Amino acid sequence: MQQPKFKRILLKLSGEALMGEAGFGIDASVLEVFAGEVRQIRELGVEVGIVIGGGNIYRGIQAVSEGIEKVTGDYMGMLATVINALALQNALEQKKVDTRLQTAIKMEQVAEPFIRRRAMRHLEKSRVVIFGAGTGNPYFTTDSAAALRAIEINADALVMAKNGVDGIYDADPRLVPTAQRYTTVTYSEVHQRKLRVMDLTAITLCQENRLPILVFDMNVPGNLMKLVTGEDIGTLVTADAEAA
């Protein structure tokens, strides 16, 4: 059996990835594939926390353009992440994966409130823990929520699952065919080169806590398993390129 490189990870999924070809909402077939990928690494013994975005349903940026106050729009976006988290929890449980959903905004009829010690205990008991509603505060993205939760649960790495992009490039590969993918890059290089990994708050949190970030394409079946077993896919963001 393959041996995992990490004991515990925080997996960040984008809401847009759940749309599939639909362009909006949740594609059940995509959800099933993602649940299967998570089940595989859980069976390998990896403890898994998940943060999921809500861009397939609603975005705070979109709200502002539509005349909705920024804070209100951000709270609407947080609720959208809970819808996605519930859908993912259901998909995982259909695959017999023991799962808990914790939210940063209290809604105890559908989820536990986020309590760090309880989340840690769930992980130790081999349960997948999904963290919904971002940080619970406006002006913070789900990238920031992922970095924060990863640090709080003492994850070995923050795993950023991208939608159709297999790592970090020196330019947008969808617009520039000659764009080159980085295998390893440091936090400082991310800042200096203005690489689009995640928002600055999130990358700074990871840098200050020396939390490695792995960026890969979740849409390729088997990629998550390859990543956690140490295969050279995607891009590693680390404090020291030589130590990677």
Side-chain angles (χ1 to χ4, degrees), residues 9-42 46 48-62 74 76-95 97 99 101 103 128-135 140-147 149-150 155 157-169 172-175 179 181 195-199 202-203 213-228 233-235 237:
I9 66 167
L10 190 292
L11 175 63
K12 168 58 169 60
L13 294 171
S14 72
E16 287 89 343
L18 298 184
M19 294 188 298
E21 301 298 324
F24 180 81
I26 300 170
D27 185 324
S29 62
V30 172
L31 203 60
E32 183 180 3
V33 170
F34 284 1
E37 297 275 312
V38 173
R39 177 183 174 178
Q40 287 180 357
I41 65 168
R42 178 75 285 285
V46 180
V48 184
I50 301 174
V51 168
I52 189 164
N56 55 319
I57 298 172
Y58 204 76
R59 296 180 67 88
I61 295 172
Q62 170 190 343
D74 282 355
M76 293 168 71
M78 290 178 219
L79 297 179
T81 72
V82 177
I83 293 173
N84 285 339
L86 285 166
L88 181 59
Q89 181 183 39
N90 181 74
L92 285 165
E93 290 182 343
Q94 286 184 355
K95 291 188 177 294
V97 178
T99 310
L101 170 57
T103 57
V128 172
V129 182
I130 306 171
F131 302 104
T135 66
F140 290 90
T141 67
T142 50
D143 282 352
S144 293
R149 296 292 181 251
L158 170 55
V159 177
M160 300 286 293
K162 294 297 185 180
N163 186 21
V165 180
D166 62 346
I168 303 170
Y169 284 76
D172 189 337
R174 289 168 291 196
L175 302 176
R181 178 172 66 85
L195 301 175
R196 297 179 63 183
V197 182
M198 55 177 66
D199 67 75
I203 195 70
I213 306 166
L214 290 153
V215 183
F216 79 113
D217 186 0
M218 185 77 172
N219 289 347
V220 178
N223 258 4
L224 184 58
M225 175 64 79
K226 291 177 181 177
L227 195 76
V228 300
I233 65 169
T235 301
V237 184

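Bear in mind the structure is a predicted one, so any value in this text is a computation, not a measurement.
- Not counting sequence neighbours, Asn90 has no partner by the side-chain hydrogen bond (donor to acceptor under 3.5 Å, both in side chains) test.
- By the side-chain hydrogen bond (donor to acceptor under 3.5 Å, both in side chains) test, Asp27 pairs with Ser29, sequence neighbours left out.
- Under the side chain to side chain contact (heavy atoms under 4.5 Å, CB included) criterion, Thr141 pairs with Asp143, Ser144, Asp199, not counting sequence neighbours.
- Residues meeting the side chain to side chain contact (heavy atoms under 4.5 Å, CB included) test with Ala80, sequence neighbours left out: Ile57, Tyr58.
- Not counting sequence neighbours, the partners of Arg181 by the side chain to side chain contact (heavy atoms under 4.5 Å, CB included) test are Asp166, Tyr169, Thr235.
- Take Asp217 and apply the side-chain hydrogen bond (donor to acceptor under 3.5 Å, both in side chains) test, not counting sequence neighbours, and it matches no residue.
- Applying side-chain contact (heavy atoms from CB on, under 4.5 Å) to Val38 and the options Leu92, Thr99, Leu88 leaves one that passes, Leu92.
- Considering only residues two or more places apart in sequence or on other chains, Arg42 meets the salt bridge (Lys or Arg N to Asp or Glu O under 4.0 Å) condition with none of them.
- By the side chain to side chain contact (heavy atoms under 4.5 Å, CB included) test, Leu79 pairs with Met107, sequence neighbours left out.
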Item to check | Check against side-chain contact (heavy atoms from CB on, under 4.5 Å), Gln40 and Leu224 | outcome: CA-CA 9 Å; Gln40 287 180 357; Leu224 184 58; over 6 Å; no
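- Under the salt bridge (Lys or Arg N to Asp or Glu O under 4.0 Å) criterion, Lys226 pairs with no residue, sequence neighbours left out.
- By the 6.0 Å contact criterion, CZ on Phe140 is open, its count of non-hydrogen atoms from other residues, nucleotides or ligands being 12 or less.
- Every residue was checked against the side-chain hydrogen bond (donor to acceptor under 3.5 Å, both in side chains) condition with Ser14, not counting sequence neighbours, and none meets it.
- Under the salt bridge (Lys or Arg N to Asp or Glu O under 4.0 Å) criterion, Glu32 pairs with Lys95, sequence neighbours left out.
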